[in-house]
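Every heavy atom of this structure was used, including side-chain atoms; hydrogens, water molecules and symmetry mates were not.
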Protein chains: 2
Amino acid sequence: MDLTTTTRARVAGKRERTKQQNRLLILQAARKVFAELGYGATTVRDIVRATPLAAGTFYNYFNSKEEVFQAMQDEIALRIRPRLHEERAKARSIEEFILGTFRTFFEYVASDEANFHAIRRNTDTLRVRMDTPEILAGFHELRSDLEEAIANGLFPSLDPDYLMAAIVGVAFEIAERMLRRARPDTEDATRFATALFMGGIKALPTINSGDTA
Amino acid sequence: MDLTTTTRARVAGKRERTKQQNRLLILQAARKVFAELGYGATTVRDIVRATPLAAGTFYNYFNSKEEVFQAMQDEIALRIRPRLHEERAKARSIEEFILGTFRTFFEYVASDEANFHAIRRNTDTLRVRMDTPEILAGFHELRSDLEEAIANGLFPSLDPDYLMAAIVGVAFEIAERMLRRARPDTEDATRFATALFMGGIKALPTINSGDTA
DNA sequence: AAGGAACGTGACGATGCGTCAACTTATCTG
DNA sequence: CAGATAAGTTGACGCATCGTCACGTTCCTT
């Protein structure tokens, strides 16, 4: 059917396909090994051994286990970021903005719990949080969205940097506690976090007058 | 002057003194090396090299670089925890409770900025947070204090677990942003975080009635 | 079909790991 | 005070991991 390939080569060159497959193999192996041994105790060799590939091949794809970890994190960040942004873009009130952000986040976390736990597990310390560039970009986006909402008059003129920090802190910390509960309830977590900020925003000092609104 | 020692052996046996000194030497060397290379890239050997001791001696004091790191963290936690607890114990209002907690935390962070930065630095990821047992104990203490305040009638009956999580998240995240500013202003950070919770607590759903107060 | 380029392979030297037998020296004992 | 004991230090050792690279294989091009 095609001038340059037999019928078995479907869509892309074989080179390209094995490249994608190898990358995937490594990521899947890493997810498994991280979950088993914990991130800290895992070595590049452990990941390679959980793979049919040779040690040298690993380094054609990643330079370290940290890079593998980041790739996993970034994958998550890229999946959730557009949803969060969209949710906030269509918000017509403070409540829609805040509630949409928290609900989307908590629902994602709950749906991807396995991934989250695998990623959090670590040998020597009980908990680890790493912010990759992609995740930091998500924080910046939240701040930009807040700045825009302030410019639009949707939000009072609060400190967008601290507000962003507070939202991020509450989101991650409550997500953690939520997952630890017997039956994680995303609506409960959403209600709590949203109410906190709905009430808080009213009381927060605006930037022009240093007093409560 | 003493029956069992010469005048040079002052207060404790020499064994005991060198033990304390070696431990301190390792901790100081580690602080320096972590700050220079970042936690992730540091090896036990790097720490040992920054010390007059032999490799084997290191393992008489710590089993890994993680344990050294934890010891550093625990040291901080033990310094700040009593202050936070005391501040909350003497609080006669919600505002005193919240404000005391945040002010104490932010002031400590600002005063010990060097330590904080050294501890946060990491090679491959831009940020790391590790919760050691001692730090987790601090979180539990905060929750206990909240539960007691609720039992006393000082606080409405909110979800103490989520409230603790929210306070912790906001405290750490805002502290991070505060330190990043040109001139860290602990009062500004305290005002922001306190106002957020003072307003938020009013709006938060109480546990008995599932609605706003 | 032949040449070239891309990529996988696994062995290699270098480095770090945790251990341990030998040594040093503080402390105890008589 | 001298000898005995045991606490603590030392650095070399065997083993594992590191990242690299010369080589071989396979895909792609012409």
Rounded to whole Å, how long is the line connecting atom NZ of Lys14(A) with atom P of dT25(D)?
15 Å
Distance, rounded to the nearest Å, where Asp46(B) contributes CG and dG18(C) contributes C1':
16 Å
Excluding sequence neighbours, so at least two apart, what forms ring-ring contact (aromatic ring centres under 6.0 Å, His included) with Tyr61(A)?
none
In chain order, what residues pass the side chain to side chain contact (heavy atoms under 4.5 Å, CB included) check against Gln20(A), with sequence neighbours excluded?
Glu16(A)
Phe62(A) CZ - dC18(D) P separation (whole Å)
15 Å
For Tyr108(B), check ring-ring contact (aromatic ring centres under 6.0 Å, His included) against everything at least two apart and list the hits.
none
Side chain to side chain contact (heavy atoms under 4.5 Å, CB included) partners of Asn63(B), counting only residues at least two apart:
Glu67(B)
Once base and sugar-phosphate atoms are separated, protein heavy atoms under 4.0 Å mark nucleotides 1-14 of chain C, 5' to 3', with B, S and - as ----BBSBBB----
Output the rounded distance in Å from CD (Glu67(B)) to P (dC17(C)).
14 Å
With sequence neighbours left out, the residues meeting ring-ring contact (aromatic ring centres under 6.0 Å, His included) with Tyr162(B) are Phe192(A)
Salt bridge flag under 4.0 Å for residues Glu134(A) and Arg81(A):
yes
